[in-house]
Every structure is written in C-alpha cells, then in structure tokens.
Amino acid sequence: MKVTLRKVGKTPLDFDVKSDEMTFKGYLQYHSGKLILLHADLSGSVNTECSKCGEEFKLSLDEKVEFFISDGIYEGDDIDLDVVESFDSLADLDELLISEIELIKSDYHSCKNCN
Ligand SMILES: [Zn+2]
C-alpha cells in the first residue's frame, strides 16, 4: 500500500498492511511543514535469533510505533520523534513494515531457555 504524502490531511488516514505474520495498522496524519505523522500498532510474531544461544525462535510483538515521514529532506529542528525521509513523495507502508521488522530483529532478544 502506497500513500501519496501530499494527500494526507488533518483527518487521519487509516491503513492496515500485513506481512506473513505481522499486522501494521494505524493512521497517517498531516503534522506541519513537510511532516506527516505515522502512528500504528505493530503486532504478530517474527522469527528471530536468540542473542545468547543463536537458536531461532518466535518473538511475539505488540507495540506502538510512532514517527514522522518527511516529504523530502527534513531540515527542521530536532523533534521528539524519528523522521523517515521519503524521496518520492510516497509513504510505502509495506516497505515501512519490513524496515520496522528488521529493526526489531536487530535488537537484543533472548529465547525462553536463556531468560
Ligand atoms: Zn537462547
């Protein structure tokens, strides 16, 4: 699902995308300047490796994700949330979901046996 950033206004625009085992459901809302707020729940499970023993295991997730998408390079002041820059004026939600999953996988996780 791709959303043209210019078309996102003050009224939240709902989205709901899925990968194999994850759901990314939330809304996009115009913030100010070039910034669009993305607010979503990320839930489901991912296969990841235990940082201690290296075993693959299924990690259950249910977390809130919130960041800004900038339509072009963001040159404003520091703000509280992360800013993801878009260079084609689109928010590619499937791609954002994949990068969120990759980010989670790169975190430190340990399996049941190592906890
Ligand atoms: Zn382990």
Side-chain angles (χ1 to χ4, degrees):
M1 181 181 174
K2 288 186 185 181
V3 175
T4 305
L5 293 173
R6 257 185 307 111
K7 291 189 177 161
V8 180
K10 283 280 180 195
T11 307
L13 182 77
D14 292 332
F15 66 83
D16 187 352
V17 292
K18 288 180 176 68
S19 72
D20 297 344
E21 291 183 300
M22 298 291 292
T23 304
F24 192 42
K25 188 177 191 303
Y27 62 84
L28 292 166
Q29 187 177 28
Y30 179 74
H31 180 71
S32 63
K34 297 175 176 176
L35 298 178
I36 309 290
L37 174 71
L38 179 148
H39 179 97
D41 288 311
L42 187 63
S43 60
S45 58
V46 288
N47 284 320
T48 187
E49 267 179 22
C50 173
S51 307
K52 286 184 183 161
C53 69
E55 284 291 314
E56 192 166 280
F57 73 106
K58 206 174 271 256
L59 179 72
S60 293
L61 289 167
D62 187 7
E63 51 184 80
K64 292 212 186 307
V65 177
E66 206 172 32
F67 56 83
F68 286 117
I69 300 170
S70 173
D71 188 358
I73 294 170
Y74 180 68
E75 293 165 327
D77 299 328
D78 276 351
I79 38 179
D80 293 344
L81 297 176
D82 288 340
V83 177
V84 174
E85 294 170 333
S86 166
F87 298 104
D88 53 9
S89 298
L90 295 170
D92 185 338
L93 294 159
D94 298 287
E95 206 170 273
L96 289 167
L97 169 57
I98 291 166
S99 56
E100 283 301 316
I101 293 172
E102 290 305 314
L103 203 66
I104 287 163
K105 281 187 173 186
S106 69
D107 271 355
Y108 180 93
H109 300 292
S110 56
C111 72
K112 267 186 279 179
N113 299 332
C114 296
N115 270 338

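We count residues from 1, following the sequence as given. Read the numbers this way: they start at 1 and go in the same order the structure lists the ligands and their atoms.
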Notebook entry, point to check: With a cut-off of 2.8 Å, which protein N/O/S atoms are close to the Zn ion (ligand 1), if we only count those under it?
Noted result: C50 SG, C53 SG, C111 SG, C114 SG

Check: Does atom CD1 of I73 have more than 12 heavy-atom neighbours, drawn from other residues, nucleotides or ligands, at distances under 6.0 Å?
Finding: no

Notebook entry, point to check: Are the side chain of E55 and the backbone N or O of C50 linked by a donor-acceptor pair below 3.5 Å?
Noted result: no

Note to self: Tell me whether D16 is salt-bridged to K18, with the criterion being a basic N under 4.0 Å from an acidic carboxylate O.
What the structure shows: yes

Item checked: D41 and K64 ion-paired at < 4.0 Å -> yes

Checklist line | Carboxylate-amine/guanidinium contact K58 E21, below 4.0 Å | finding: yes

Note to self: Taking the six-membered ring for Trp, are Y74 and F68 closer than 6.0 Å centroid to centroid?
What the structure shows: no

